[in-house]
Amino acid sequence: MESIMKGIRDGASVLDMDPKSTVGGGVEDPYGEDRATEDQLVTPWTISIASGSSLLRDPHHNKGLAFAEKERDAHYLRGLLPPIVMSQELQEKKLMNSIRQYQVPLQKYMALMDLQERNERLFYKLLIDNVEELLPVVYTPTVGEACQKYGSIFRRPQGLYISLKEKGKILEVLKNWPERSIQVIVVTDGERILGLGDLGCQGMGIPVGKLALYTALGGVRPSACLPITIDVGTNNEALLNDEFYIGLRQKRATGKEYAELLEEFMSAVKQNYGEKIIIQFEDFANHNAFDLLAKYGTSHLVFNDDIQGTASVVLAGVVAALKLIGGNLAEHTFLFLGAGEAGTGIAELIALEMSKQTKVPLEETRKKIWLVDSKGLIVSSRKDSLQHFKKPWAHEHEPVNNLLDAVKAIKPTVLIGSSGVGRTFTKEVIEAVASFNEKPLILALSNPTSQSECTAEEAYNWTKGRAIFASGSPFDPVEYNGKVFVPGQSNNAYIFPGFGLGLVISGAIRVHDDMLLAASEALANQVTQENFDKGLIYPPFSNIRKISAHIAANVAAKAYELGVATRLPRPQNLVKYAESCMYTPVYRNYR
Ligand SMILES: NC(=O)C1=CN([C@@H]2O[C@H](COP(=O)(O)OP(=O)(O)OC[C@H]3O[C@@H](n4cnc5c(N)ncnc54)[C@H](OP(=O)(O)O)[C@@H]3O)[C@@H](O)[C@H]2O)C=CC1
Ligand SMILES: CC(=O)C(=O)O
Ligand SMILES: [Mg+2]
C-alpha cells in the first residue's frame, strides 16, 4: 500500500506538469535539467495505477465525457461513461450555461468548488476563459459569504488544517498532504477575513480562493499550491455557538502559545519544502501580521498580501491615475480611512516611491500622507498610544476626530478607504473631497462589497461624474447623466499571482520592497490609452495572464539585480520565459 501511495504521489507530480511548463512537476530547476520529457508526459502512471472508476474520481486526471474512444479502451472506462465523447470546449459551454442558471452567488460558488473537486483542468479552463464573470464567484465578494457559511457547505477538505491539536506534529501533518513539490503556500489564521472579522477555521475559503487565482491568473500549477489554515481558536461567539462550526471550540490562543505554534509551522515548512517555498500570509489580524512579516522576512520567503500585495496594486493604480488627474506623485496629498495592514502598507510604498522619484528623504515624503483610524486623524499628540506601524504617520496637527473634519483639514487629492467598514465615505465626505478637486481619486478598498466605503454609484453621483473610482470588490458600470462609468477593481489579485510566479521563475529566496515597486510598475504599464479613455486606472482582468507575465518578469529581473535569485543563468527574455512556464488547463492525452 505504501509503495502504491508513493507511486501515486510521484506520478501525479510529473503528470501535473504542463507540457510546456518548466515551473511545474516538482521541477527544482526551471531550465529543464529535471524536466519530464514529452514521452514521460504521454506515458502516465494512470495506465498501471489509476484507471476505471478511480480515474474518473481523480480530479487531477479526470476528463469526464472528454475521454476519447482509445483512452476509454486503454483505461478500463468502457461502460463507465455514456457513449458520447464531448470536447473540453463543449463541456465548458455546458457548465457555464448551468452556472448561469443559478441566481444565488453562493450556489455558483458551490458548483465551481464541486467542479474543482471533480475535474480540475475543466475548472481552471472555465476560470481562465471567463475570468471577469467568475472572479466575483471564487473570490470577493462571494468567497466572504462562503467563509461565513463554510461549516454548513463543507464537503471535502481543500487544504491543510493545522490546529493547536497538531502542536509538536506539524512536520508530520505537512507530509500527509498528497502533493510533495509545493511552491506556494497561502496561510491564514482566520482572524481578519476580508472585512468580516474573525471567522476562525472557516477562513479556509480564503487560501483556497487565493491559490485558485495563483493558478488561473498567474499560471502556477495547481499541484504546487497548498492552502493552509492555522486554527488557534476563534473569538467569534456566533461561530463558537454554531453547531456546524468546523474549528476548535475555544477562544484564540495568544502570546507564547500562538508564537510557538507559528514558529513550529514556519520551521516545518522550510524543513519540508526548502528555502524557496513562498509563504503568503493572508488575512491575519494586524497585531500578528506585521510582527510575523518582520520576524520571518529575513529567514523565509514570506509575503504578506494584505500589507505588501495591496500596497503594490494601489500604487500602480495611483501612478496610472496621474494620467487622468494630473501632477506627479509627490504633488498629491493622500488621506486614508483605516490605518491597519492595508492602509499603512499602501502609505509606506507610496512614500517610498515618492522618495525614489524626488530624492526627498522618506521621513519627508511620508508627510504627504495622512491616516484616520477609529479614533480620528493620526497626529503627533497621539504618538505614545499608537501601535508601532502607525507611529511614522503621526504628523504635527491638532487633533481631528472624524473623517469629514479630516478631509476639510487635510484637503486630500486622493481618498483611500481601508477601514473594513462599509458606507463610511458619506455624501458629505465625498462632496467635500469633490469641492476642491476637479477629478478626485477615490479608492474604496474594503471587501467584500458590503464593507466597501462607498458604492460606485455613490462615488459618481456625489461627485457629479468627476470621480476616478476603483473598489476592492467589483461594481457594475453606472450611468450618470446619460454617460456610462466603468469602475475599476483595485484588488491585490492583480499582483500576487504574477508576483509569486516571478519569485518561482527566478528562484528568489527573499522578498524586497523594490520587488513590490517593480510589480507595481509592471501593472501600471499595462494600462492602455483605451483603458484611460474609459476612466480606468487598471487594465481589464481578461488580460490578466499577460499582465501576470509582465509582473513576474519585472519581479524576477529585480530579484536577479538584488542578488536574491538562485536560478541561473538568467533567461534573456523574462516575459517570454514567464509565459512559457504558465500552467495551461487543456486536457492531456492519455495514450
Ligand atoms: N482591495 C484589496 O486588495 C484589499 C482590501 N483589503 C480590505 O481592507 C480592509 C482593512 O483591512 P486591514 O487593513 O487588513 O485591516 P486592519 O484591521 O489591519 O485595519 C483596519 C483599520 O481601519 C480602522 N477602522 C476600523 N473601523 C473604523 C471606523 N469606523 N472609522 C475609522 N477607521 C476605522 C482601524 O482602526 P483602529 O486601528 O483604531 O482599530 C484600523 O486602523 C478590509 O476590509 C480588507 O478586506 C485588505 C487587503 C487588500
Ligand atoms: C483582497 C484581500 O486580500 C482582502 O480583502 O483581505
Ligand atoms: Mg487578504
Side-chain angles (χ1 to χ4, degrees), residues 135-136 139-141 143-144 147 186-199 203 205-207 209-211 213 280-291 293 303-317 335-348 370-378 382 385-391 393 400-407 416-426 429 443-453 470-475 487-497 523 538:
L135 206 55
Y139 193 54
T140 183
V143 72
C147 288
V186 176
V187 59
T188 189
D189 72 356
E191 192 167 4
R192 194 286 277 145
I193 294 297
L194 306 177
L196 301 171
D198 183 350
L199 298 185
I206 292 293
K210 292 270 177 184
L211 284 164
L213 305 197
Q280 175 166 319
F281 292 120
E282 194 69 53
D283 291 9
F284 284 73
N286 62 38
H287 53 91
N288 290 317
F290 287 101
D291 292 350
L293 189 59
F303 169 71
N304 184 303
D305 189 34
D306 301 298
I307 301 171
Q308 298 173 303
T310 313
S312 189
V313 77
V314 172
L315 175 62
L335 181 64
F336 287 76
L337 182 72
E341 295 167 67
T344 62
I346 301 163
E348 186 67 7
W370 298 81
L371 293 99
V372 171
D373 66 8
S374 65
K375 298 187 177 63
L377 190 64
I378 296 182
R382 292 179 54 195
S385 60
L386 290 173
Q387 289 148 290
H388 64 88
F389 50 86
K390 292 180 184 170
K391 288 188 196 281
W393 310 101
V400 178
N401 291 331
N402 62 63
L403 179 64
L404 181 59
D405 288 345
V407 166
I416 299 180
S418 51
S419 63
V421 186
R423 303 298 163 88
T424 34
F425 289 173
T426 58
V429 164
L443 305 177
L445 300 177
S446 292
N447 298 313
T449 317
S450 58
Q451 312 310 109
S452 188
E453 281 78 7
S471 51
S473 297
F475 281 104
Q489 191 175 352
S490 184
N491 193 295
N492 51 31
Y494 273 110
I495 291 289
F496 68 78
L523 176 57
Y538 293 101

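Atoms within each ligand, like the ligands themselves, are counted from 1 in listed order. These figures come from a predicted structure and were not determined experimentally.
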Run the contact test for R192 against ligand 1 with a 4.0 Å cut-off on heavy atoms, strictly below, and give the result. yes

Atoms of ligand 2 close to E282 [distance to a heavy atom under 4.0 angstrom, numbered from 1]: 3 (O)

Considering only heavy atoms of S418, which atoms of ligand 1 have at least one such atom less than 4.0 Å away? 10 (C), 20 (C), 21 (C), 22 (O)

Using a strict cut-off of less than 4.0 Å between a Lys/Arg side-chain nitrogen and an Asp/Glu carboxylate oxygen, indicate whether D283 and K210 qualify as a salt bridge. no

Going by atom types only, do Q387 and H287 share a side-chain donor-acceptor pair under 3.5 Å? no

Under 4.0 Å from a heavy atom of G420: which atoms of ligand 1 are those, numbered in the order shown and with their elements? 9 (C), 10 (C), 42 (C), 43 (O)

Quick one: do the S446 and E453 side chains pair a donor with an acceptor below 3.5 Å? yes

Among all the protein's non-hydrogen atoms, which is closest to atom 1 (N) of ligand 1, and how far away is it? S490 O, 2.9 Å

Confirm or rule out an N/O/S atom of D305, from backbone or side chain, lying less than 2.8 Å from the Mg ion (ligand 3). no

Parallel, tilted or perpendicular: rings of Y494 and Y538 (30°, 60°): parallel

Touching ligand 2 at all, L194? Heavy atoms, strictly under 4.0 Å? yes

For ligand 1, does E341 get within less than 4.0 Å through its side chain, its backbone, both, or neither, judged by non-hydrogen atoms? both

Has ligand 2 got any nitrogen or oxygen that is less than 3.5 angstrom from a nitrogen or oxygen of N492? yes

Close N or O approach (A342, ligand 1; < 3.5 Å): yes

Among the N/O/S atoms of D306, select the one at the shortest distance from the Mg ion (ligand 3) and name it. OD1

Ligand 1 contact by V421, heavy-atom criterion under 4.0 angstrom: yes

